[in-house]
Amino acid sequence: MPELPDVESFRKVLADCAQGRTIRRVEIRDSGVLHGTSARRLSRDLAGREVQEPERHGKWLVVHTDGPALLLHFGMTGRLVCADADDPPHRHDRILFTLGDMRRPRQLRYRDQRKLQGLWYADDPEAARRLDEQGPDALTVSRADLDAVLAARRGHLKSALLDQSVLAGLGNLLTDEILWQARLHPARTTRSLTEDERAALHRTLRRVLRSSVRAGHVPPRDTWLTGRRDAPGGAPCPHCDIRLSTAPVAGRTTLWCPRCQPEPSP
DNA sequence: GAATATGTTTCGAG
DNA sequence: ACTCGAAACATATT
């Protein structure tokens, strides 16, 4: 699930649930999501700490406290939920942070089915390196910065947009959506883009990201490409009704419209 | 059982 | 020096 808009909604969950509150207790139900630390050390370090305003960069969430800062990455199946501390945990709740006052304690839960990513201390060398290598955040990237990162990259447009070190925050769904709305074929090369196409790409990227952030995820609207992803045997393009094409591009399932997004000329 | 999945890193090849 | 594709991570669903 998680791409930039999802992680942005987790940031809000974290802020509403925990900001300004004290962590009373940390329960690690599956230490498989911990990286570079142990369950014992994490709960010792965080107990009694106050949660401060969280930050997001790309798909990373930074949890600031008056003690150590944490980095969360949600992989493909992770999420953050706020629950009543008395509610029984979900099967995939890997870490429970109990917060705030004793009368009505809340619980922030890191839930993740596949455990592809997880939690790091912000000063962990591996995590710090990964965060350091991120490109500009896709939600706020300027036209000039987008042009600059694309100019520094060759190969397929889709693989560039998907690369977090080029631009941080886009995943497979968002990339397909943006390329379709900008009417650019995913296999176009970054170098082939004209001035007008780069302008359209930036405009579309902002528009798609803003409405997705508002919705908390990439909305599966009928008028968007995302709404047609799951149709068996290929769905019609919401623009022109021709059958959408599917093929792997940059190693990922890619959906595009052969009419609205013309094949790059070789 | 097989294929697939909204993510990312690593490694070998071109 | 870059870029690409495949494999690996762990688990559920179709």
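In the text below, chain A, chain B and the rest are named by the order of the sequence lines, each starting its count at 1. A quick note: this is a predicted structure, and the numbers were derived from the prediction, not measured.
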Starting at atom [atom1] of [X], determine the distance to atom [atom2] of [N], rounded to an integer number of angstrom.
{"X": "A:Arg228", "N": "B:dT6", "atom1": "CZ", "atom2": "P", "result": "19 Å"}
{"X": "A:Leu150", "N": "C:dC2", "atom1": "CG", "atom2": "P", "result": "16 Å"}
{"X": "A:Leu255", "N": "B:dT6", "atom1": "CG", "atom2": "P", "result": "11 Å"}
{"X": "A:Arg252", "N": "B:dA3", "atom1": "CZ", "atom2": "C1'", "result": "15 Å"}
{"X": "A:Leu71", "N": "B:dT8", "atom1": "CG", "atom2": "P", "result": "14 Å"}
{"X": "A:Trp60", "N": "B:dG7", "atom1": "CH2", "atom2": "C1'", "result": "11 Å"}
{"X": "A:Leu209", "N": "B:dT6", "atom1": "CG", "atom2": "C1'", "result": "14 Å"}
{"X": "A:His73", "N": "B:dT6", "atom1": "NE2", "atom2": "P", "result": "15 Å"}

Does any N or O in the side chain of A:Gln261 come within less than 3.5 Å of the main-chain N or O of A:Ala182, such that one atom is a donor and the other an acceptor?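 No; judged by distance alone, with no hydrogens or angles, the pair does not exist.
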With distance as the sole test, does A:Arg111 use its side chain to make a donor-acceptor pair with the main-chain N or O of A:Arg94 at under 3.5 Å?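 The answer is no, because no donor-acceptor pair under 3.5 Å joins these two groups.
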Indicate, with yes or no, if the rings of A:Phe74 and A:Tyr110 have centres closer together than 6.0 Å.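 Ring-ring flag for A:Phe74/A:Tyr110: true, centres closer than 6.0 Å.
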Near A:Arg191 CZ, under 6.0 Å, is it more than 12 heavy atoms from other residues, nucleotides or ligands?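 12 or below, so no.
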At their closest point, which heavy atom of A:Val13 faces which heavy atom of A:Cys82, and how far apart are they?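 Reported closest heavy-atom pair: CG1-N, 3.9 Å.
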Looking at [X], I'd like to know whether one of its side-chain N or O atoms comes within less than 4.0 Å of OP1 or OP2 on [N].
{"X": "A:Thr77", "N": "B:dG7", "value": "no"}
{"X": "A:His217", "N": "B:dT6", "value": "no"}
{"X": "A:Gln164", "N": "B:dG7", "value": "no"}
{"X": "A:Arg130", "N": "B:dT8", "value": "no"}
{"X": "A:Arg129", "N": "B:dT10", "value": "yes"}

Looking for any heavy atom pair under 4.0 Å, which part of the strands does A:Ser159 touch: base, sugar-phosphate only, or nothing?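 Sugar-phosphate, backbone atoms only, no base.
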5'-most contact on DNA chain B: A:Thr253 or A:Lys59, nearest heavy atom basis?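 Between the two, 5'-proximity favours A:Thr253.
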5′-ward residue of the pair A:Gln134/A:Leu173 relative to DNA chain B: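 Mapping each residue to its closest nucleotide by heavy atoms, the 5'-most match is A:Leu173.
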Any residue meeting side-chain contact (heavy atoms from CB on, under 4.5 Å) with A:Asp137, in chain and number order, not counting sequence neighbours: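 Listed in chain order: A:Leu4, A:Arg56, A:His57, A:Leu139, A:Thr140.
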Check every atom of B:dT8, B:dG7, B:dT10 against the side chain of A:Glu3 and return the nucleotide holding the closest atom.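 Nearest to the side chain of A:Glu3 among the choices is B:dG7.
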Closest to the A:His156 side chain, choosing from B:dG7, B:dT8, C:dC4: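 Closest of the options to the side chain of A:His156: C:dC4.
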Would you call A:Asp163 and A:Arg153 a salt bridge, using N to O less than 4.0 angstrom?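 Yes, charged N to carboxylate O under 4.0 Å.
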May I ask you to check if A:Arg130 and A:Trp120 form a cation-pi contact, with NZ or CZ under 6.0 angstrom from the six-membered ring centre and within 45° of the axis?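 Verdict for A:Trp120: a cation-pi partner in A:Arg130.
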Within the 3.5 Å criterion, strictly below it, is a donor on A:His64 or A:Glu55 matched to an acceptor on the partner's side chain?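 Yes, because at least one side-chain N or O of A:His64 sits under 3.5 Å from a partner of the opposite role on A:Glu55.
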For DNA chain B, the dot-bracket pattern of Watson-Crick and G-U pairs whose distances stay under 3.5 Å, | for other-strand partners: .||||.||||||||
When you compare B:dA2 with C:dA7, how far apart are their P atoms, in angstrom units rounded to a whole number?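 Straight-line distance between the two P atoms is 15 Å.
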Under 4.0 Å protein heavy-atom contact, by nucleotide of nucleotides 8-14 of chain C - B base, S sugar-phosphate only: -BBBS--
Return the orientation label for the A:Trp60 and A:His73 ring planes: parallel under 30°, perpendicular over 60°, tilted otherwise.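 Perpendicular.
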